[in-house]
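Let me begin by presenting the structure, written as structure tokens, before commenting on it.
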Amino acid sequence: QKAAQNLKPIVPIKFHISSRTDAGVHALCNSAHLDIHRAPGKPAFNEKQLIYSLNHHLKPEPIRILNAYRVTNSFHARFSALSRTYIYRLLMGCSHYSEIPVFERDLCWAPVGGYLNVPAMQDAAQFLLGTHDFSTFRSLNSETPFQSPVRTILQADIRPSSGFLSQHYEHRRLEFWELKFRSRSFLYRQVRRMVGALVAVGQGKLTPHHIKELLEIKDSRAFPSNAMAPPSGLFLKSVEY
């Protein structure tokens, strides 16, 4: 928003972002919309000018504009979204936090105990697909009384992945896995709670069928204590329109 104000609009610019994330969560890509009113006689910015100008003013920040599109007045970055895709990165093979590769610090979660039962986690993830009341899988906040707990999970995949520069430490036999979730919208901390419950299944603390039972209880207090995944492994991958 500060960068956009440097474009000298005649009306203060307000950014409307597609979604917020918890502190410590990353975004590979996010979307926002803004209206720019230029002085009379000045032509509207084209997409390339806008990208270049905003990135020039964003130089000191860990954020860059990748694309810009002209949209209709009825478009809204948050409410026009068809779906949002999140990725959660897990690292297996570390017996202690200190064994996480330095380039992966704060970019993944290495659960205690090393390896996880991935097939059991994949079975458990199937219970999350479809439309459910996800009350058990949300943290309570000020918006809770005004939000429906019903959400539709369109995708819940668990697949092997690669680490950053992993070819340089192949001998360490570390395994990276990605959990991918897609839905039109998510509840507060829903993804982190779903990941935490699936990891508990992988550790043998829960069975796949426990996920179904947690859904049916519909009570956030029924969620296993200390099971929520940390924010460091979570990435907003994309917002689809």
Side-chain angles (χ1 to χ4, degrees), residues 20-26 84-100 104-130 132-144 147 149-153 155-161 174-183 185-237:
R20 298 168 297 169
T21 58
D22 301 341
V25 174
H26 315 283
R84 294 161 174 84
T85 302
Y86 280 89
I87 297 287
Y88 198 99
R89 302 181 68 244
L90 290 176
L91 171 58
M92 300 183 203
C94 292
S95 58
H96 188 268
Y97 177 81
S98 63
E99 295 177 6
I100 298 174
E104 294 284 355
R105 291 280 169 86
D106 301 321
L107 296 172
C108 64
W109 178 27
V112 176
Y115 291 94
L116 302 170
N117 182 345
V118 174
M121 294 169 64
Q122 291 168 328
D123 289 344
Q126 299 309 299
F127 289 115
L128 298 171
L129 284 171
H132 306 283
D133 180 323
F134 281 94
S135 292
T136 308
F137 288 89
R138 71 170 167 186
S139 293
L140 303 180
N141 67 0
S142 58
E143 294 180 7
T144 301
Q147 271 190 336
V150 177
R151 291 293 187 271
T152 301
I153 301 295
Q155 184 177 9
D157 293 339
I158 304 174
R159 296 178 180 172
S161 180
L174 300 177
E175 290 183 17
F176 287 90
W177 291 79
E178 284 187 358
L179 288 73
K180 180 188 282 189
F181 299 96
R182 184 165 61 90
S183 174
S185 62
F186 294 90
L187 297 166
Y188 181 49
R189 292 181 173 168
Q190 180 185 347
V191 177
R192 289 173 59 193
R193 282 191 166 218
M194 292 191 298
V195 171
L198 292 175
V199 166
V201 170
Q203 292 171 326
K205 296 175 181 176
L206 298 176
T207 67
H209 207 265
H210 274 129
I211 302 300
K212 185 172 185 288
E213 292 176 1
L214 287 172
L215 279 170
E216 292 170 350
I217 291 171
K218 302 175 186 175
D219 185 349
S220 64
R221 294 168 297 183
F223 189 78
S225 59
N226 302 317
M228 185 168 66
S232 55
L234 185 56
F235 295 74
L236 173 61
K237 181 179 185 290

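Source: prediction; values computed, not measured.
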### Task
State whether the number of non-hydrogen atoms from other residues, nucleotides or ligands found under 6.0 Å of N226 atom CG is greater than 12.
no
### Query
Quick check: are there more than 12 heavy atoms from other residues, nucleotides or ligands sitting under 6.0 Å from CZ of R105?
yes
#### Entry: side-chain contact (heavy atoms from CB on, under 4.5 Å) partners for E216, two or more places apart
K212
List the atom of [X], the atom of [Y], and the distance in Å for their closest heavy-atom pair.
{"X": "G93", "Y": "E99", "answer": "O-OE1, 4.0 Å"}
{"X": "Y188", "Y": "L140", "answer": "CE2-O, 4.0 Å"}
{"X": "W177", "Y": "E175", "answer": "NE1-OE1, 3.0 Å"}
{"X": "A197", "Y": "I211", "answer": "CB-CD1, 3.6 Å"}
{"X": "R89", "Y": "L107", "answer": "NH1-O, 2.7 Å"}
{"X": "H26", "Y": "S232", "answer": "NE2-O, 3.0 Å"}

N/O donor to acceptor pairs below 3.5 angstrom from side-chain atoms of residues 108-128, sequence neighbours left out:
residue: Y115; atom: OH; partner: R173; partner atom: O; Å: 2.8
residue: N117; atom: OD1; partner: A120; partner atom: N; Å: 3.2
residue: Q122; atom: NE2; partner: I158; partner atom: O; Å: 2.9

How long is the straight-line distance from [atom2] of [Y] back to [atom1] of [X], given to the nearest 0.5 Å?
{"X": "R159", "Y": "K180", "atom1": "CZ", "atom2": "NZ", "answer": "6.0 Å"}
{"X": "S185", "Y": "Q147", "atom1": "OG", "atom2": "CD", "answer": "7.5 Å"}
{"X": "E178", "Y": "I87", "atom1": "CD", "atom2": "CD1", "answer": "4.5 Å"}
{"X": "S135", "Y": "L187", "atom1": "OG", "atom2": "CG", "answer": "7.5 Å"}

### Candidate pair S139 and M228, rule side chain to side chain contact (heavy atoms under 4.5 Å, CB included), full reasoning
CA-CA 10 Å; S139 293; M228 185 168 66; 4.0 Å; yes
### Message
R151 vs R138, test: side chain to side chain contact (heavy atoms under 4.5 Å, CB included). Steps then yes/no.
### Response
CA-CA 11 Å; R151 291 293 187 271; R138 71 170 167 186; over 6 Å; no
### For F176, ring pair (Phe, Tyr, Trp, His ring centres under 6.0 Å) partners two or more places apart
none
#### Entry: Partner residues of Y88 under the ring pair (Phe, Tyr, Trp, His ring centres under 6.0 Å) criterion, sequence neighbours left out
none
### Task
Answer yes or no: is there a donor N or O on one side and an acceptor on the other, between the side chain of T136 and the main chain of L214, under 3.5 Å?
yes
#### Entry: Main-chain N/O of T152 paired to S183 side chain as donor or acceptor, under 3.5 Å
yes
### Pairs meeting criterion salt bridge (Lys or Arg N to Asp or Glu O under 4.0 Å) with involvement of residues 191-200, two or more places apart
D22-R192
### Task
Taking the side chain as every heavy atom from C-beta outward, state whether V25 and L236 have any atom pair closer than 4.5 Å.
no
### Task
Sort and list the pairs that fulfil side chain to side chain donor-acceptor pair (under 3.5 Å) and have at least one residue in residues 198-210, not counting sequence neighbours.
Q203-K205, T207-H210
### Task
Decide side chain to side chain contact (heavy atoms under 4.5 Å, CB included) for R84 and V191; before the verdict, give the C-alpha distance in whole Å, the side-chain angles of both, and the deciding distance to 0.1 Å.
CA-CA 11 Å; R84 294 161 174 84; V191 177; over 6 Å; no
### Query
Checking side chain to side chain contact (heavy atoms under 4.5 Å, CB included) for the pair M194/Y86: CA distance, chi angles, key distance, verdict?
CA-CA 12 Å; M194 292 191 298; Y86 280 89; over 6 Å; no
